[in-house]
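Below is one structure, written out as structure tokens, with a few remarks after it.
Note: hydrogens, waters and symmetry copies are ignored here, and every other heavy atom, side chains too, is used.
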Amino acid sequence: MKKLFLIIAVIFSLESGGLFAQEEAAANQSEQTPAANSSKKSFFSNINFIAEFSPAVYINPESSTVSAPSPLIFPIGIGFLWPKESFIAIQPTLSFFMMYHLWYDGMALPAEIENRTSQTVSFLLNIPAVFNLKQNEKSRFQISTGLALLMRFGLLAGGVKESDSGYSGSAGSDMDKINSWFWQNARFLYFSLGASWLYTFTDHLKAGPTMNLYLPAGSFISGEGTQALIFSLGLKLCL
């Protein structure tokens, strides 16, 4: 009888311990979940999403040759600002645009449509530090500086065949030279400078003019001067 009572007592204590452990785990989980959700919420609530439409001039000092005058391009950019109310923040932005190139005298130069060889797809990744200078509750001035990467990929333009004549051989061989030139001597590396003025329309919308200057480090290193320098002026939305 004593043995039976002892066995029942042991079983009861084990079951009680298991139930207590489950209740404690559930309580810990319920305490941690709101904290994790709060952390995620606070991170995203501290971000402003950015959209930019900034027509730009792509500088071509070789415009007296067969290449085109400095063309006007139309980048469309998206990104984010974090942290949004801080004096110093970061604003990674990715812009997309397209243009024509040809190969002439050892350089990939902007081309007019009748002389094009390459349809060039371009992605400009700008990662600047942004300094927020708040003027009042409705407006603020921002200045930025940082590094940018211009990633360009040339494709044969529509209506151009690889066997067509280029300025230094066939269009196909010129395409290979154009794509190699984009990545040589750090021509993909830029220094960026920018300024924006934003007006607060609602709690979730700020907008205003923006200006950016992209200085081509690779062109300076290669002795090409301001070739491929980009200057843009447009509209910035901050959501």
With rounding to the nearest 0.5 angstrom, report the [atom1] to [atom2] distance, [X] to [Y].
X: Leu125; Y: Leu94; atom1: CG; atom2: CG; value: 6.0 Å
X: Gln184; Y: Ile221; atom1: CD; atom2: CD1; value: 13.0 Å
X: Thr120; Y: Phe97; atom1: OG1; atom2: CZ; value: 9.0 Å

Treating Ile, Leu, Val, Met, Phe, Trp and Tyr as nodes and any side-chain heavy-atom pair under 4.5 angstrom as an edge, say whether Met107 and Phe182 lie in one connected cluster. yes

Donor-acceptor contacts under 3.5 Å from residues 226-237 side chains, at least two apart:
unit_1: Lys236; atom_1: NZ; unit_2: Gln91; atom_2: OE1; d: 2.9
unit_1: Lys236; atom_1: NZ; unit_2: Gln142; atom_2: OE1; d: 2.8

Name each donor-acceptor pair under 3.5 Å that joins a side chain in residues 146-156 to protein atoms two or more places apart or in another chain, with its distance.
unit_1: Arg152; atom_1: NH1; unit_2: Tyr58; atom_2: OH; d: 2.9

Pairs flagged by salt bridge (charged side-chain N to carboxylate O under 4.0 Å, His left out) wherever residues 62-77 is involved - sequence neighbours left out: none

List in chain and number order the residues that pass ring pair (Phe, Tyr, Trp, His ring centres under 6.0 Å) with Phe96, two or more places apart in sequence or in another chain; answer none if no residue qualifies. Phe123

For Phe188, which residues count as a ring pair (Phe, Tyr, Trp, His ring centres under 6.0 Å) partner, sequence neighbours excluded? Trp183

For Leu81, the rest of its hydrophobic cluster, which grows through side-chain links under 4.5 angstrom: Ile50, Val130

Examine distances only and state if a side-chain atom of [X] and a backbone atom of [Y] form a donor-acceptor pair shorter than 3.5 Å.
X: Asp164; Y: Lys161; result: yes
X: Thr200; Y: Thr202; result: no
X: Lys84; Y: Ser45; result: yes

A side-chain contact here means heavy atoms from C-beta on lying under 4.5 Å apart; do Asn126 and Tyr214 qualify? yes

Please determine whether the number of non-hydrogen atoms from other residues, nucleotides or ligands lying under 6.0 Å from atom CD of Glu85 exceeds 12. yes

Restricting to non-hydrogen atoms, name the atom on Pro75 and the atom on Pro55 that form the minimum distance, rounded to 0.1 Å. CD-CA, 4.3 Å

